[in-house]
Amino acid sequence: MDVSTEPGNTVTIDPDGGLYVPPPTVKAGCGITGDGSETDPLTANTQDWPYVCPIGTNGGGVYCDTGTGELRTDPPVRQDFFQNAKNDVLATPITVPAVAEQTVDTLTFTVTNPDPCRPANAVFFREVDLDVNLPPNSGATTGIDGDQMTYLGNQGSGTVFATHVQANKITLLALAPGETRTITMRIEAGRGTGGAAIIRIQATLRAWVFSNPIG
């Protein structure tokens, strides 16, 4: 009896003259162990779950990259930080407008979600601090993006120089996967009376960006 010598043929002839095909085996690699036999099945080379939360409801996925044939896990959660600030001493003071609120300056920055796969939330911080000279019987408000935040007034007989209050807002900013957004904050003042004048503008924008794990 002739047995083919073609590569990959595992048929052999037993001493008693019978044909014998040994159990198939698999050459494993890349985190897979075993040879596929009954006594040594293929097994993923895993580690013990080290967290206190249940693996069934909190574990991430394992995926097949059909382009390379490799196994992939969930992409990592990403974070980033963005800021911009100004501190301008004005050569020419700005008389505080008499209207309720008016934009006297702006501050802009650009925020990007660093995660191309997931949406992100950002802790969005805005701060404005206007130094105002207040002659006797004068007053002014300061604010951010249409929100009057503070009122400064002088009912005395002398001028109050460079009085100021730091006003800030913290809000949530939602970003789509990979989104880049440019944000402009309006620095506002109003209700000016008695010659109230702005002599310095300080402002800050900050964003702490965290992508959201998808459960």
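Keep in mind it's a predicted model, so treat the numbers as computed, not measured.
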Between [X] (side chain) and [Y] (backbone), is there a donor-acceptor pair under 3.5 Å?
X    : Y    : value
N121 : A174 : no
D80  : V209 : no
D48  : P50  : no
Q148 : A100 : yes
N154 : N137 : no
D147 : M149 : no
D115 : S211 : no
S138 : P135 : yes

Nearest non-hydrogen partners of [X] and [Y], listed with the distance:
X    : Y    : value
L175 : T112 : CD1-C, 4.3 Å
R118 : P75  : NH2-O, 2.7 Å
A167 : T150 : CB-CG2, 4.2 Å
V96  : A189 : CG1-CB, 4.1 Å
R186 : T103 : CD-OG1, 3.6 Å
R78  : P114 : CD-O, 3.1 Å

Contact check, side chains of [X] and [Y], non-hydrogen atoms, under 4.5 Å:
X    : Y    : value
I32  : T43  : no
P177 : P119 : yes
F109 : T184 : no
L107 : R126 : no
I201 : K86  : yes
T180 : T110 : yes

(request) Among N87, N133, L90, find the residue that satisfies the side chain to side chain contact (heavy atoms under 4.5 Å, CB included) test when tested with R200. (result) N87
(request) Could you state whether V111 and F210 fall into the same hydrophobic cluster, counting links through intermediate Ile, Leu, Val, Met, Phe, Trp or Tyr residues with side-chain heavy atoms under 4.5 angstrom apart? (result) no
(request) Evaluate the ring planes of F125 and W208, with Trp represented by its six-membered ring, and classify them as parallel (under 30°), tilted (30 to 60°) or perpendicular (over 60°). (result) perpendicular
(message) Could you walk me through whether I144 and E188 satisfy the side chain to side chain contact (heavy atoms under 4.5 Å, CB included) test, starting with their C-alpha distance in whole Å, then the side-chain angles of each, then the deciding distance to 0.1 Å, before giving a yes or no?
(response) CA-CA 6 Å; I144 299 172; E188 298 175 339; over 6 Å; no
